[in-house]
Amino acid sequence: MNRPAPEHLKKTARGEPVTLLEAISEGLFEEMVQDDRVFLMGEDIGVYGGAFKVTRGFLDYFGDLRVIDTPIAEGGFTGAAAGAAHMGLRPVVEMQFMDFISPAYDVLTNYIATSLYRGAGPMPIVVRGPVGGGNRGGPFHSQNVEMAFFHTPGLKIVYPSTAYDAKGLMKAAIRDDNPVIFEEHKVLYRAPALREVLPEEDYVVPLGEARIVREGSDLTLVTYGAMVHKSVEAAVQLEEQDGVGVEIIDLRTLLPLDEDAIVESMKRTGRVLIVHEDTRTGGIAGEIAIRLNERAFEWLDAPILRVTAIDSPVPYAGSLEDYFLPQVEDIVTAGRYLAAY
Amino acid sequence: MNRPAPEHLKKTARGEPVTLLEAISEGLFEEMVQDDRVFLMGEDIGVYGGAFKVTRGFLDYFGDLRVIDTPIAEGGFTGAAAGAAHMGLRPVVEMQFMDFISPAYDVLTNYIATSLYRGAGPMPIVVRGPVGGGNRGGPFHSQNVEMAFFHTPGLKIVYPSTAYDAKGLMKAAIRDDNPVIFEEHKVLYRAPALREVLPEEDYVVPLGEARIVREGSDLTLVTYGAMVHKSVEAAVQLEEQDGVGVEIIDLRTLLPLDEDAIVESMKRTGRVLIVHEDTRTGGIAGEIAIRLNERAFEWLDAPILRVTAIDSPVPYAGSLEDYFLPQVEDIVTAGRYLAAY
Amino acid sequence: MGPAALSLLPMSDSPIAGLDRTQLLVLYHSLVVTRAAEERLEVLHKQGHVTGEVYSSLGQEAGAVGAAFALDRRTDGTGDFLAPTVRAAGALFLFGGELVDFFRQYMARATGPTGGKEASVHWVDFQKGIVGPVSPLGTMLEVMAGITLSFKVRGEPRVGIVFYGDAASSTGAWHEGLNFSAVQRCPLILMVEANQWMFSTATTMNTRVQSFTDKAAGYGIGSESVDGTDIVAVYEAVSRAAKRARAGEGTQMVELSYYRRLDYVQHDPQESVDPDELAMWEGRDPISLFERRVLEEGWAEEPELEEIRGRAEEDCRLAAEQAVSEPVPYGPEAVKGIYTDTVTPHPWTRTDEPDKRATSELKT
Amino acid sequence: MGPAALSLLPMSDSPIAGLDRTQLLVLYHSLVVTRAAEERLEVLHKQGHVTGEVYSSLGQEAGAVGAAFALDRRTDGTGDFLAPTVRAAGALFLFGGELVDFFRQYMARATGPTGGKEASVHWVDFQKGIVGPVSPLGTMLEVMAGITLSFKVRGEPRVGIVFYGDAASSTGAWHEGLNFSAVQRCPLILMVEANQWMFSTATTMNTRVQSFTDKAAGYGIGSESVDGTDIVAVYEAVSRAAKRARAGEGTQMVELSYYRRLDYVQHDPQESVDPDELAMWEGRDPISLFERRVLEEGWAEEPELEEIRGRAEEDCRLAAEQAVSEPVPYGPEAVKGIYTDTVTPHPWTRTDEPDKRATSELKT
Ligand SMILES: Cc1ncc(C[n+]2csc(CCOP(=O)(O)OP(=O)(O)O)c2C)c(N)n1
Ligand SMILES: Cc1ncc(C[n+]2csc(CCOP(=O)(O)OP(=O)(O)O)c2C)c(N)n1
Ligand SMILES: [Mg+2]
Ligand SMILES: [Mg+2]
């Protein structure tokens, strides 16, 4: 496989900035070049390059034994990924929209997540795809799926917010021997503000490690995905308008949760706000809250609060969706309230 | 339909005590007699009366248009229930083991839970079946499924711990216009200690209302299902050995959560322990913790703690399963710790 | 929407499929209104009015229209039931779906049947027998199995019809729904829109069968395959299927054999399409084919058809205009309609007051 | 386990299905060891040693044994692959699954292949090509599609075989897995254990087909139906299917037509069974049938078969005895093996110390 990579996958090599989407494509591409056990399955990922074109050019380059256009059968091809993983391959499976992971819920939670425990060996599988709202996709093209799987021991869940992390986490996920759900936010895919020049050399961002996005001493804001960027906006406002220093933690990996990073920051600030785009009840904020209770209750100077989407399906109309989603003003309001507590 | 009920379904009429399983059977039977829109679907529920015999005698009594033995197709018949509900029927669907609800995850979360929101009308469906560990059922016959659905707005989740509640909640669930997941703990089904004489007259236990199992002023213990009984055991020990007064709240309905009941009790005790049989990370304890933070942080005198199963699949061997499950001693240890905090 | 003004011409005396002139012109009208509505949608999309994607049934109109026409369509909730796809808008219109609602849905208008909460043909009107689909493919076979199960249970002589694309056949929901329906002998007709494409890939990547009737045998159900560009053939095939289903013979399949002439969403580039194949199918345009037959057999004359077309276009223009002028929903409506009884709270942060629940009763 | 001592008799010169005497006696041994193991299991169950339910393949042994015998079984990880069901224990043994492991699994022994974490035939040994199933029905078709996809991708001439009961055919996973395998032309053989029962209901409640080969056409795969009580016929059918699959002809189905003579779990009451039908099938016991043929055609004499049976029973008795004597797992093993890297903590409450994490560093 000594052919040159397609031009659009060589931006980093040329020192050009890449979008989050391009970072993911590069990550996938490089791992496939380096390790011929890695292969792709999904709907329309071959000829078409995937609904969002993440795998554009891959079929030509790697051929149809490593880039497999599947029938519409999310359960079927995810289960097939499990079989391939048993045989030492390392499948990366695309959900056209992550909303359509639900037919694979059974095989993911019952078969794949339990494989190691049942003595059937490791499951080096990545299930990746676009998630999230803000795109007017309606109830079935906008979901965040982390909480469908957060309760399943054996799975890992990754949700990057930057191009750098997206590439490094993708590589780490592919190299991981455990099954990883990899969420890619559609609004971040091509966001111009997220374009960055990535290191030319191979790097990974280890799973399970959160990132301090900005430091601050008054309030710890825990978030991930697209909400990282709204949180930064809110933090700037809070700093400028209220003189409140917000420390932002980007979880990056949701499962396993980087409890230590949250606890440490919270011990400095005494206040915690959790911001997630996903709906409210049963969201990840709860788990963070109880872990903080378990580990650092004495340091809490204010209630742990959360800003989240509303407990409803994702509505289609922009006006409804904007109301449904957490907005910068919400974060500012909550931050202000906590800082003054 | 004026035929006399089968003998085994007339225990309450005869003033005899019933098990939790019999209470459920009676509840189902009475609702079917009173409302001919109610009908049953599930695997082996007809001729055989269901894997646990909950619907024994129903086929003979109601006929095969109201007691439908289905193919093994949990998604298919749950989806069919949705269609029937559209047409004004009120389906009660049995999962042979609740573990097998996972093929219906897609239709439950995407179709049924969103129906009202999408303008497709109410969904008076009950999906019921046996859950829980302690029976040496292994990874696929022991699961608790609440957290697979707790994050889905539009669903309700019920999990009774006594015969009285089981019957009253079943009737309420069937009469409810929203889709209800109804969990029945296998270990409680025929537990002799749970046999009780039920009121002869028709009654319901409203959804969304927790029950104070016992009062106490030192510690609020929030739990549900089989853990209610282990918690009571632990509370007696704590009272007798340590003089700690434990107030036990049985949630009964998990979604919507009876936040008020928890908050009120906690304001009296200042201490909260949550006990659930389900695995730890992403369990319901987290949501309770953050709601308490939101509503009554100032009353907290100690960290909110939890006793739960281990984050793993449910192991088959008794020795492993016992270690996996929360035990009375665990609750005592945690209660003692909190009381002394 | 019926072509009332058209009853002037004398009727031909050799009826097509037993249909009279009025019926044939209703068919024609339904075909052209479908095409006009989708063309109008494309215009609205280009103008930036449409919220998401738009879909086209170009070349497939006869399948949807012919099928729906074979059923018992009523508006009082007692008729047959339809679950369309985005490519069966023609059936939706025949079942009484309003043009203006079609546009409202695509433009997420507050006035639309889902109030902006859902899109496109994803709407429901049980009085008219319309059950709009959800996106996850296959689900509607399960749901329609349940709807038609209720017909069977109540002994009503009604049938249901559910449309699905050929590629949707590879989903587990399709299989579970169809098999459940077959075993329960539900009076359900499955229309397989065999348009030879999935999204970007050929349907041969989804299945090894040439004809979906090969699948029907595996469910023990009746089936036939029909030229989906021939509206009369479709009408006749679905009439037969409906008759069998209504007579208690259980679930039926009708395969519509045709071709998806535009890409998955209208404005996608058509990369993988063979131009010759496309040209062949353009030559078999269902509207042109029907038009020719109607004219040749003397059921109508060109000016009359012209008038129907003009009127359909005008109706679409007006409906679109109306929908455009209407408001999008008010944001806070987002919290409504999640439960029938439990109220979903508005986010406390929107009031710009501190969280009432966290502060209203601070410990003293 | 092979009947080494039996090579004394002269070989007959009209081979059955091309098998020599030794092979025929291996088949016989496999049949009787399967039955003996399941009978032993029932004894263990009655004695209270077994943790959960026990299952029986009484009357179905020839299907599992004949099929497995047709494949390339190796112990170095390069052979064919098998996903059995609880009713295909015979295949498991032929693939090298040890009797003692079988008993250990049912008794949740620490020494068993899953260390007590899983039950029954739910165990895995990739060296031997054994992939035990999970309970949710249908899943193993997906998994085996992936395993055999890897054979295809790597150009290895290996095949996989997956067993499923007839009623499992109604699951979405069955459909998605089989269709994926068919489209990808995976070298996979699906054995449909058409034993006419689901759990308590007749398979006719699960499907309207009489023969599952009617379903095969809907996936475009090769298929044949075979008398599942005739081990030679099964062996031949699966040999043909394996040959086709190995030759790149893609996925194959073999239907084993027979009857479940005991209830779903061995000790369930057999309420809904017609005694005449049962008697008919008892008369077609696969072991008796094969025995008769072997004797009639002069491949062996009764004392020899008697010896094989005795030996099989003795092996089972000894293996069961060994398994009984072994320990159940140590409770705290429960936290092991959830991730390859992340360690699951033990419950803090078990140490009878306060939560270290909550107290070790109390704020000062
Ligand atoms: C379960 C599921 N997976 C994926 C999708 C995304 N998707 C929407 S339409 C489509 C292709 C459908 O092809 P077909 O059924 O042939 O319909 P056509 O567009 O040709 O009319 C796909 C993959 C979906 N809607 N549901
Ligand atoms: C998805 C799923 N639903 C339900 C069950 C419960 N269950 C276990 S075996 C069985 C019947 C299986 O019948 P069949 O496939 O014919 O196998 P047989 O027992 O006849 O060998 C059922 C319903 C299951 N294991 N998986
Ligand atoms: Mg298509
Ligand atoms: Mg069977």
Side-chain angles (χ1 to χ4, degrees), chain A residues 43-51 68-76 96-97 99-100 102-103 106 135-141 280-281 302-303 305 307-327 329-338 340-341, chain C residues 51-53 105 107-110 112 114-120 122 134-138 165 167-174 198-203 205-207 264 268 271-272 327-338 344-355 358-359:
Chain A
E43 295 155 16
D44 302 284
I45 63 167
V47 184
Y48 194 76
I68 299 180
D69 271 322
T70 63
I72 308 178
E74 288 78 5
Q96 194 155 81
F97 286 81
D99 311 58
F100 302 128
S102 52
D106 183 20
N135 245 3
R136 287 55 172 121
F140 309 112
H141 293 79
R280 190 170 189 83
T281 297
L305 294 183
V307 171
T308 71
I310 290 169
D311 275 336
S312 84
V314 187
Y316 177 56
S319 50
L320 298 174
E321 194 184 24
D322 288 344
Y323 192 82
F324 162 85
L325 290 172
Q327 302 296 350
E329 309 81 76
D330 297 314
I331 306 173
V332 170
T333 303
R336 198 168 276 152
Y337 171 71
L338 271 183
Y341 193 92
Chain C
T51 303
E53 307 291 5
Q105 281 289 104
M107 293 189 290
R109 289 306 191 253
T114 65
K117 286 179 175 165
E118 246 284 32
S120 74
H122 296 196
V134 288
S135 300
L137 294 167
S169 66
S170 46
T171 64
W174 192 94
M198 170 167 158
F199 174 96
S200 70
T201 48
T203 301
M205 306 289 277
N206 265 274
T207 180
Y264 172 67
D268 257 12
E271 281 165 7
S272 23
V328 296
Y330 173 55
E333 291 290 316
V335 303
K336 294 206 187 134
I338 297 147
T344 301
H346 291 277
W348 66 271
T349 50
R350 298 291 156 85
T351 62
D352 228 20
E353 288 163 25
D355 184 354
T359 58

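A, B, ... follow the sequence lines: proteins, then strands. Residue 1 opens every chain.
Closest heavy-atom contact between C:I338 and A:P313: CG1-CD, 4.3 Å. The two residues A:Y316 and C:E118 come nearest to each other via the heavy atoms CD2-O, 3.6 Å. What you find for C:S135 and A:H141 is that their closest heavy atoms are OG-CE1, 3.3 Å. Taking each heavy atom of C:N206 and A:P71 in turn, the nearest pair found is OD1-CA, 3.2 Å.
Side-chain contact between C:T349 and A:E329 is absent, with no heavy atoms from C-beta onward closer than 4.5 Å. In this structure, C:Y330 and A:S319 have side chains that are not in contact, with every pair of non-hydrogen atoms separated by 4.5 Å or more.
When the candidates C:A334, C:A108, C:G331 are compared by the number of heavy-atom contacts under 4.5 Å with chain A, C:G331 comes out ahead. Counting heavy-atom pairs closer than 4.5 Å to chain A, the top residue among C:G116, C:A110, C:G172 is C:G116. Counting heavy-atom pairs closer than 4.5 Å to chain A, the top-ranked of the candidates C:M198, C:H122, C:M107 is C:M198. Of all the listed residues (A:A309, A:S312, A:G49, A:G138), the one sharing the greatest number of non-hydrogen pairs under 4.5 Å with chain C is A:S312. Note on A:I310, A:T70, A:T308: by heavy-atom pairs under 4.5 Å with chain C, the leading option is A:I310.
Within the 4.5 angstrom heavy-atom criterion, only backbone atoms of A:L325 (N, CA, C, O) approach chain C. Contacts between A:E74 and chain C at a heavy-atom distance below 4.5 Å are absent for every atom of the residue. At a 4.5 Å heavy-atom cutoff, the contact between C:A168 and chain A is made by backbone atoms alone. Contacts between A:E321 and chain C at a heavy-atom distance below 4.5 Å are absent for every atom of the residue. Heavy atoms of C:T344 lying under 4.5 Å from chain A belong exclusively to its side chain. With a 4.5 angstrom heavy-atom cutoff, A:D69 touches chain C via backbone and side-chain atoms both.
Side chain to side chain, A:D44 and C:S200 meet the donor-acceptor criterion of an N or O pair below 3.5 Å.
Remark: C:S120 engages no residue in a side chain to side chain donor-acceptor pair (under 3.5 Å) (not counting sequence neighbours). Residues passing the side chain to side chain donor-acceptor pair (under 3.5 Å) test with C:T114, sequence neighbours excluded: C:Q105.
Atom-to-atom distance recorded for C:T207:OG1 and A:I72:CD1 is 11.5 Å, nearest 0.5 angstrom.
In this pair, A:Y48 and C:F199 present their aromatic rings perpendicular. The plane angle is above 60°, beyond the 30 to 60° band.
When atom types are taken as modelled, the side chain of C:R350 and the backbone of A:Y323 share a donor-acceptor pair closer than 3.5 angstrom.
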